**Q** 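Pasting a structure here, questions to come.
Chain letters run A, B, ... following the sequence lines, proteins first, then strands; residues in each count from 1. What you are looking at is a predicted structure, and each value in this text was computed from that prediction instead of being measured.
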There are 2 protein chains.
Amino acid sequence: METIDDLREHGGANAYLRGCSSRTVLDAIANKWTCLLVDALQSGPVRFGVLRRRLDGITQKSLTQTLRTMERDGMVIRTLYPTIPPRVEYELSALGRSVLALMEGIKRWSEEHAVEIVVARDAYDVRIARDPEPIQTT
Amino acid sequence: METIDDLREHGGANAYLRGCSSRTVLDAIANKWTCLLVDALQSGPVRFGVLRRRLDGITQKSLTQTLRTMERDGMVIRTLYPTIPPRVEYELSALGRSVLALMEGIKRWSEEHAVEIVVARDAYDVRIARDPEPIQTT
DNA sequence: CAGCATCCAATTGGATACTG
DNA sequence: CAGTATCCAATTGGATGCTG
């Protein structure tokens, strides 16, 4: 069933469509590192090393790549201070700040529902182990 | 700089930490197919084939996998009607509905900012092509 | 219809070493 | 300090064929 929003999209964009640019945007922002980085940058410029320590488990490569992508997309502003040793700070642009509330929401939802979901996973795995092909008669 | 929310997390969960279950939850829900599926299921049960046609470009394998993961996480309820040929319907659980607004928000944001981001990407690529290592003197 | 199984190409991710 | 470069293992994704 189509809703009114499906027909009247935003500026003609429709993320359901493979070729639409909004699909590539959705693909770019919908991942854990982007979510955590937007959240981590919410209160002002942060140095590369601080971000690396804050996002536990991220590799230098992934951090560089994600920040570069976000910078290219206009969500993040990178400032290089040509000192020795160099200092680089990252901060959200206006565009980046415009998605902050959503990213905070996703992160918060993950934290608030983590236990519930772990329980659901365990229950599912037990159920599958008991009956590999659950034929539900409805 | 730490905010109060960083110290007083939700039920002890903190998605910044590698080992925290909320991190795996964040990783599971932050991807384009999950976002589009939650959105597509918002107004009631939908059949597998309908979803496949709606999410342009998704393969049968990816659709099955994403739906299975969401079912395992308790976000989606799968109902098999043992007819011939079989009919399978997917619908959001209460947990799935609780993340709907956020997913709609992400999808909508992608659509609303797609043009702006494509422009930013083009500008970035041109800038890099002109000057491979932009040394910004601040 | 709604899948599962399989094969294979392509992308991703980690570890390590090096540099202005 | 903040990267780049490289190598390699592991995961992902598409295409195809088959089935209750």
**Q** Please determine whether a side-chain nitrogen or oxygen atom of A:Arg78 lies at a distance below 4.0 Å from atom OP1 or OP2 of D:dA2.
**A** no
**Q** Using whole Å, what does the distance between atom C1' of nucleotide C:dA15 and atom CD1 of A:Ile58 come to?
**A** 15 Å
**Q** Keeping A:Tyr16 on the side-chain end and B:Ala40 on the backbone end, is there a donor-acceptor pair under 3.5 Å?
**A** yes
**Q** Rounded to whole Å, please give me the gap between CD in A:Glu71 and P in D:dA2.
**A** 15 Å
**Q** Rounded to the nearest Å, what distance is computed from the CZ atom of residue B:Arg68 to the C1' atom of nucleotide C:dG3?
**A** 8 Å
**Q** Strictly below 4.0 Å: does B:Thr64 bring a side-chain N or O up to OP1 or OP2 of C:dA2?
**A** no
**Q** Between the side chains of A:Ser62 and A:Trp33, does any donor sit under 3.5 Å from an acceptor?
**A** no
**Q** Could you check whether A:Arg47 gets within reach of a base, just the sugar-phosphate, or nothing at all, counting any heavy atom under 4.0 Å?
**A** sugar-phosphate
**Q** A:Arg52 has an atom CZ; how far is it from atom C1' of D:dA2, in whole Å?
**A** 8 Å
**Q** I need the NZ-P distance between A:Lys61 and D:dA5, as an integer number of Å.
**A** 12 Å
**Q** Whole Å only: how far is the CZ atom of A:Phe48 from the P atom of D:dG3?
**A** 5 Å
**Q** Can you work out whether B:Gln65 or B:Gln60 has the more 5'-proximal nearest nucleotide on DNA chain D?
**A** B:Gln65
**Q** Starting from P on D:dT11, measure out to CG on B:Asn31 and report it in whole angstrom.
**A** 17 Å
**Q** Is the distance from OP1 or OP2 of D:dG14 to the nearest side-chain N or O of B:Thr59 less than 4.0 Å?
**A** yes
**Q** Between B:Arg23 and A:Asp56, is there a salt bridge with N-O shorter than 4.0 Å?
**A** no
**Q** For A:Glu89 and D:dG3, what is the distance between atoms CD and C1' respectively, to the nearest whole Å?
**A** 16 Å
**Q** Is a side-chain N or O of A:Ser93 found less than 3.5 angstrom from the main chain of A:Gly74, in a donor-acceptor match?
**A** yes
**Q** For C:dG14 and A:Ser62 - does any side-chain N or O of the residue sit under 4.0 Å from the phosphate oxygens OP1/OP2?
**A** yes
**Q** Among the nucleotides C:dG3, D:dA2, D:dG20, which one has an atom lying closest to any side-chain atom of B:Val88?
**A** C:dG3
**Q** Give the intermediate values and the outcome of side chain to side chain contact (heavy atoms under 4.5 Å, CB included) for residues A:Arg78 and A:Glu89.
**A** CA-CA 6 Å; A:Arg78 175 182 181 271; A:Glu89 289 189 342; over 6 Å; no
